[in-house]
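The block underneath contains the structure these notes are about, expressed in structure tokens.
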Amino acid sequence: MTSVATREPPFTTGLAPYAGTLPGHISASAAKNYLGCSLRFWFERVACLRKPTSPALHLGKAVHATLQAFHLARWRGGDDSPEAVAAAYDRAFHELERDEGPVNFDDEADREKNRLDGLRVIAAYLDSSEVLTGKPRAVEVLLKESIPGLSVPLTGAMDLVASDYTPVDFKSTASRPDPWGAAFDHEIQLVSYQLLMEAATGVTPPSLDLVFLVKTKTPQVIRVKSPPADARRKRRVVALLETVVAGIAEGRYHPQPSMPCSWCQFKNECMNWCPDMTLPGADRRTA
Ligand code: SF4
């Protein structure tokens, strides 16, 4: 079995590392990761154990980088032609594999199938009624703001901010999302974006949007709109974020067996966990 001993990570995971102290900030993605399973969070973001990238994650990152290039081109009046977008995708697919791989492709045919799946889903977005047409307010916005009720700053990176201040986040997925379930799953992220937007600009966005790029045989592009959060929804999300901040600060990391264990890459390490184990980076024993 793999040990969970501490070590200096000899690589970058692209994720902000967290220690067993009050974190410098909290993001919606870190919070969702921690709430899903605090021990998996520890493996990924405290111990920074490296695992091969799954094809789905690799594809999602390449699609995300390509949409960013397309939206930036549209924002700045650059080359947003389908050819330029396809070239940006091939570049991202290759560079992410080189810099953040290896990717768990079965073989070269599987790699090519995944590459083509990404190209198809991007082409579907460019042809869809959901494609960005006018000039957005901003692309890939990084915000860090103090939020009442939260003891550390909240951070977030919005894929796109529409001209009316609607934050838009893009998701690659294998199956068609149920709108209510999708909004529920991403509530922490959507409301965090609203909190950041309100703190940074004083404006409440008219909608909180997710655009799903669905990798079905015939790719689909589905927008899920969520109304802006009222005071109760905001309090609920701030409380969830603060629960995570407290958990990290107190070094609370333990297994949370559930359905996602089926695809967790840390099952062997998880089996090594014991309640009397001191996890490096955590201030206290985990139970
Ligand atoms: S196997 Fe399950 S309980 Fe263990 S770290 Fe992974 S998600 Fe958590």
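When reading the values below, keep in mind they use all heavy atoms of this one structure, side chains included, and skip hydrogens, waters and symmetry mates. Counting starts at 1 for both ligands and their atoms, following the listed order.
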Assess Pro260 for proximity to ligand 1: is some non-hydrogen atom of it under 4.0 Å away?
->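 No heavy atom of Pro260 comes that close to ligand 1.
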
Contact flag Cys261/atom 8 (Fe) of ligand 1, N/O/S atoms, threshold under 2.8 Å |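 Not a single backbone or side-chain N, O or S atom of Cys261 is under 2.8 Å from atom 8 (Fe) of ligand 1.
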
Identify, for [atom], the protein heavy atom at the shortest distance, and state residue, atom and that distance.
atom                    : answer
atom 3 (S) of ligand 1  : Gln256 N, 3.3 Å
atom 8 (Fe) of ligand 1 : Cys37 SG, 2.3 Å
atom 4 (Fe) of ligand 1 : Cys270 SG, 2.4 Å

Under 3.5 Å donor-acceptor, Lys267 side chain and Ser262 backbone |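 Side chain of Lys267 to backbone of Ser262, a donor-acceptor pair under 3.5 Å: yes, one is there.
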
Could you tell me how the ring of Tyr89 sits relative to the ring of Phe93: parallel (under 30°), tilted (30 to 60°) or perpendicular (over 60°)?
->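 The rings of Tyr89 and Phe93 sit tilted, inter-plane angle from 30° to 60°.
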
Take the angle between the ring planes of Tyr34 and Tyr253 and call it parallel below 30°, perpendicular above 60°, tilted in between.
->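 Correct class here is perpendicular.
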
Taking both backbone and side-chain atoms into account, decide whether Cys264 has an N/O/S atom under 2.8 Å from atom 4 (Fe) of ligand 1.
->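 Coordinating: no.
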
Asp159: which of Asp169, Leu210, Val141 passes side-chain contact (heavy atoms from CB on, under 4.5 Å) =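 Considering Asp169, Leu210, Val141, a side-chain contact (heavy atoms from CB on, under 4.5 Å) with Asp159 is found only for Asp169.
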
Step-by-step side chain to side chain donor-acceptor pair (under 3.5 Å) determination, Thr216 to Thr218 = CA-CA 5 Å; Thr216 36; Thr218 303; over 6 Å; no

